[in-house]
Amino acid sequence: MLSHRLLIRSGYISQLGAGIFSFTPIGWRVIEKIKDIIRSEMNSIDCYEANFPVIQPSDIWEESGRIDSFIPPLARFTDRRDKIMIIAPTHEESVISMVRSEVNSYRDMPFSLFHIQTKFRDETRPRGGLLRVREFEMKDAYSFHSNQESLDEVYEEFSKAYFNIFNRCGIDVIKVAADSGAIGGKVSSEFISIAENGEDTILKCDECLYAANEEKAEFKKIIKNDSENFMEKSEKETPNIKSIQDLTNFFSLDAHYFIKTMVYFSGKKPILVSLAGDLEVNETKLRNLLGDDVRLADNDEIIQLGLVPGFISPINNDFDLIVDDSINLKADYIVGSNRNNFHIEGISPSKEFNIKHYEDIAKAKKGDLSVDCDESKCKGMNEYKGIEVGHIFKLGDTYSQKMGLNFSDTEGKQKSVEMGCYGIGVGRLLAAVIEANSSEKELVLDKNISPFQVYLVNLNSDNTEVKEVSNSVYSDLINSDYDVLFDDRDEGPGVKFSDYELSGVPVRIVISKRSLENSEVEILERGKEDFKMVKIKDINKELSKLI
RNA sequence: CGGGGAGUGGCGCAGUUUGGCAGCGCGCCUGGUUUGGGACCAGGAGGUCCCGGGUUCGAAUCCCGGCUCCCCGACCA
């Protein structure tokens, strides 16, 4: 991963363990600048900074019900009194615990709080340097409301502030509809920086601007017409024809005329999942329906359940059956027979299926029309890879109900507080910025977050004049309140220039014997091919144009 | 959790097959020469060979057990 290599080579970070990194002084300066930008944008929407503990008593996690259900499992230890302590992966519980004794009336709201705090999530596999780590700093904000409309309004304010934050850090992001995962809640949006090697896949219609994480994306399905009830129910021999691809060739019919049936386990319970033959299962949607402990059965398990891989049938068995809404219950389909080398045609789900859930559990893909698409204008969604740099949620009253965060409304009735929560991974944001703008040779940071404003280099550093002039230029710059990194090492130009390139600093000033022949220095703006010769007395004037 | 790989001066690695003085490159220290794109000469320092146990006259090397890290997958704000 480019950002990982650059962060190590530039000496910004150092690894201590799997997914656990230290920041060096230069790396930390960048982190602090990013946090300052976040703070200023939070302040501008009247979100106040607070602080919540990293180590928390387990009681509040029992109240919220997440003590055993959070994924990845909570990191915990026992203190000297044998009390279970949690190393917090997120802070809804602690915020609510503080706020619930203060909030009594609708008049107390809305308000919002944020903090920038270390969190620990014991991820199964950390990867990509700062992109997926176990210990990380996150800015998280929480908003509190007496009604849904207020939450909607503030959610939009945060959304705007988020665009400002990412733009000020030097990246473009797109906002996409997202699955809310372990945090929960009804509505959530992710902010994605498009990047080739990003972990998230998003689908976006470039015409109507619908955009969603693949996990969440909803799309228009090709649904078989009722009137195509042309099939008599009968078994057909389909020798060694197992895949939908083979079936479409064998029958000369489109894939959506077939029903594909998959076997999953929800915990230890087997579940059949049926969907139109042209679609794949979206396991996130399935998990939201059945709970977190869902996985695809393997071949041996399928056989042990008495099912025949390649010919699994949604009928004639007692398993729970989930049917995707791509299937028209009144139409006729070709399905597996659960007998080797046979399929059955003319099966009408409304008559034959014993359906437990009928919902959208299919995965959208490139080219599908989104639910918002206008068929006459839109050409189907494009697929992009990206890095999730922020995620905001409308939590509603899920947590406030569980933890008793109530208030009296205008009529004096007790109600649960409506909440929103809003996260940004600080280190991940830095990695995303680097991924977006840098190259193998050069670490590029926007001047708003660069560790210094100026990289001052002297060449021929044993030359008295060079030494004196560069020292005095350095003091002048410092006195003019510039952040300056002064590279006065006794090294050759090659070493100093390549270290500059890795430093992320946007402006380079070179002072050498040669440049001093005309009482000048070189000023190079990162990204420009050529430097500019500037009289010593004009350095400040020139810098003010660049910084 | 499944599959694969690795652990030897600060960093990167060789040595392990076939047991026999602990090596190389970079970096570091001293002195000197160099100085507009990662310089050179000379001298020098620095190691519980991941940990524990076993075999052996002798283990970085063989055997058993454990730990850690990396990559792919599964999973995941």
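Naming: A, B, ... by sequence-line order, numbering from 1 per chain.
When rounded to the nearest whole Å, the span between CZ of Arg132(A) and P of C75(B) equals 13 Å. One atom, CD of Glu388(A), and another, C1' of C76(B), lie 10 Å apart when rounded to the nearest Å. Glu123(A) places its CD atom 13 Å from the P atom of C75(B), with the value rounded to the nearest Å. Between the CG atom of Asp490(A) and the C1' atom of G27(B) there is a distance of 16 Å, given to the nearest Å. A straight line from CZ of Arg295(A) to C1' of C75(B) spans 13 Å, rounded to a whole angstrom. Distance Arg489(A) CZ to C28(B) C1': 15 Å, rounded to the nearest Å. Between the NZ atom of Lys216(A) and the P atom of C76(B) there is a distance of 15 Å, rounded to whole Å. With rounding to whole Å, Leu74(A) atom CG is found 14 Å from C76(B) atom C1'.
C69(B) sits 23 Å from G53(B) when the C1' atoms are compared, rounded to a whole Å. Straight-line distance between the P atoms of A14(B) and G32(B): roughly 38 Å, to the nearest whole Å. Spacing of P atoms, G4(B) relative to C76(B), comes out at 24 Å, to the nearest Å. Rounded to whole Å, the separation between the C1' atoms of C71(B) and C29(B) comes to 38 Å. Taking the P atom of each, C49(B) and C21(B) are spaced 15 Å apart, rounded to whole Å. Comparing C64(B) with C1(B), their C1' atoms are spaced 25 Å from each other, to the whole Å. For the P atoms, the distance linking A39(B) with G7(B) amounts to 30 Å, nearest Å. Spacing between U34(B) and U61(B) at atom P, rounded to whole Å, works out to 50 Å.
Glu501(A) comes within contact range of at least one nucleobase, with a heavy-atom separation under 4.0 Å. Among the atoms of the strands shown, base atoms are found under 4.0 Å from some heavy atom of Phe136(A). Looking at heavy-atom distances under 4.0 Å, Phe120(A) makes no contact with the nucleic acid at all.
Arg287(A) has a side-chain polar atom (N or O) that falls below the 4.0 Å cut-off from OP1 or OP2 of C75(B).
With A77(B), U35(B), C76(B) as the choices, the nucleotide that has an atom nearest any side-chain atom of Ile71(A) turns out to be C76(B). Listed nucleotides C75(B), C76(B), U35(B) differ in distance to Thr124(A); the shortest reach to its side chain belongs to C75(B).
Annotation for Ala141(A) and Met42(A): closest pair CB-SD, 4.4 Å, computed over non-hydrogen atoms.
Separation of atoms OH (Tyr162(A)) and CG (Asn167(A)) is listed at 14.0 Å; rounding is to 0.5 Å. To the nearest 0.5 Å, atom CD1 of residue Ile523(A) and atom CG of residue Leu543(A) are 5.0 Å apart. Note that CD1 of Ile509(A) and OG of Ser515(A) are 10.5 Å apart. Values are rounded to the nearest 0.5 Å.
With a 3.5 Å ceiling on both atom-pair distances, G58(B) lacks any Watson-Crick or G-U wobble partner. Pairing of A77(B), defined by two Watson-Crick or G-U wobble distances under 3.5 Å, is not identified with any nucleotide. Across every strand in view, C24(B) sits in a pair with G12(B) that passes the Watson-Crick or G-U test at under 3.5 angstrom. Summarising the base pairing, C69(B) is matched to G5(B) through a Watson-Crick or G-U wobble pair whose two defining distances lie under 3.5 Å. In this structure, A42(B) and U30(B) make a Watson-Crick or G-U wobble pair, each of the two defining distances being under 3.5 angstrom. Nucleotide U35(B) forms no Watson-Crick or G-U wobble pair with any nucleotide shown, as no partner meets the under 3.5 Å limit on both distances.
The side chain to side chain contact (heavy atoms under 4.5 Å, CB included) test applied to Lys119(A) returns His91(A), His115(A), Arg121(A), Phe136(A), Met138(A), Asp140(A), not counting sequence neighbours. Not counting sequence neighbours, the partners of Lys532(A) by the side chain to side chain contact (heavy atoms under 4.5 Å, CB included) test are Val534(A), Glu542(A), Lys545(A).
In summary, the side chains of Tyr155(A) and Ser189(A) do present a donor paired with an acceptor at a separation below 3.5 Å, with no hydrogens or angles considered.
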Donor-acceptor pairs under 3.5 Å, side chain of residues 67-76 of chain A to any protein atom, not counting sequence neighbours: which ones?
| residue | atom | partner | partner atom | Å |
| --- | --- | --- | --- | --- |
| Ser69(A) | OG | Gly65(A) | O | 3.2 |
| Arg76(A) | NH2 | Ile67(A) | O | 3.2 |

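Residue pairs satisfying the side-chain hydrogen bond (donor to acceptor under 3.5 Å, both in side chains) criterion with at least one member in residues 4-15 of chain A, sequence neighbours excluded, are listed as follows: Arg5(A)-Glu440(A).
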Every protein N/O lying under 3.5 Å from an N/O of nucleotides 68-72 of chain B:
| residue | atom | partner | partner atom | Å |
| --- | --- | --- | --- | --- |
| C69(B) | OP1 | Ala18(A) | N | 3.0 |
| C69(B) | O3' | Gln15(A) | NE2 | 3.3 |
| C70(B) | OP1 | Gln15(A) | NE2 | 2.7 |
| C72(B) | OP2 | Arg125(A) | NH1 | 3.1 |
| C72(B) | OP2 | Arg125(A) | NH2 | 2.7 |

Which pairs, protein N/O on one side and nucleotides 38-47 of chain B N/O on the other, fall under 3.5 Å?
| residue | atom | partner | partner atom | Å |
| --- | --- | --- | --- | --- |
| G38(B) | N1 | Ser498(A) | OG | 2.7 |
| G38(B) | N2 | Ser498(A) | OG | 3.2 |
| G38(B) | N2 | Asp499(A) | OD1 | 3.1 |
| G38(B) | N3 | Ser498(A) | OG | 3.1 |

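No side-chain heavy atom of Glu465(A) sits less than 4.5 Å from a side-chain heavy atom of Ser470(A).
Below 30°, between 30° and 60°, or above 60°: for Phe166(A) and Phe191(A) the angle between ring planes is between 30° and 60°, a tilted geometry.
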Q.
Under the criterion side chain to side chain contact (heavy atoms under 4.5 Å, CB included), I'd like the reasoning laid out for Met419(A) against Leu405(A): C-alpha separation, chi angles, the key distance, then a yes or no.
A. CA-CA 10 Å; Met419(A) 286 180 63; Leu405(A) 174 57; 4.1 Å; yes
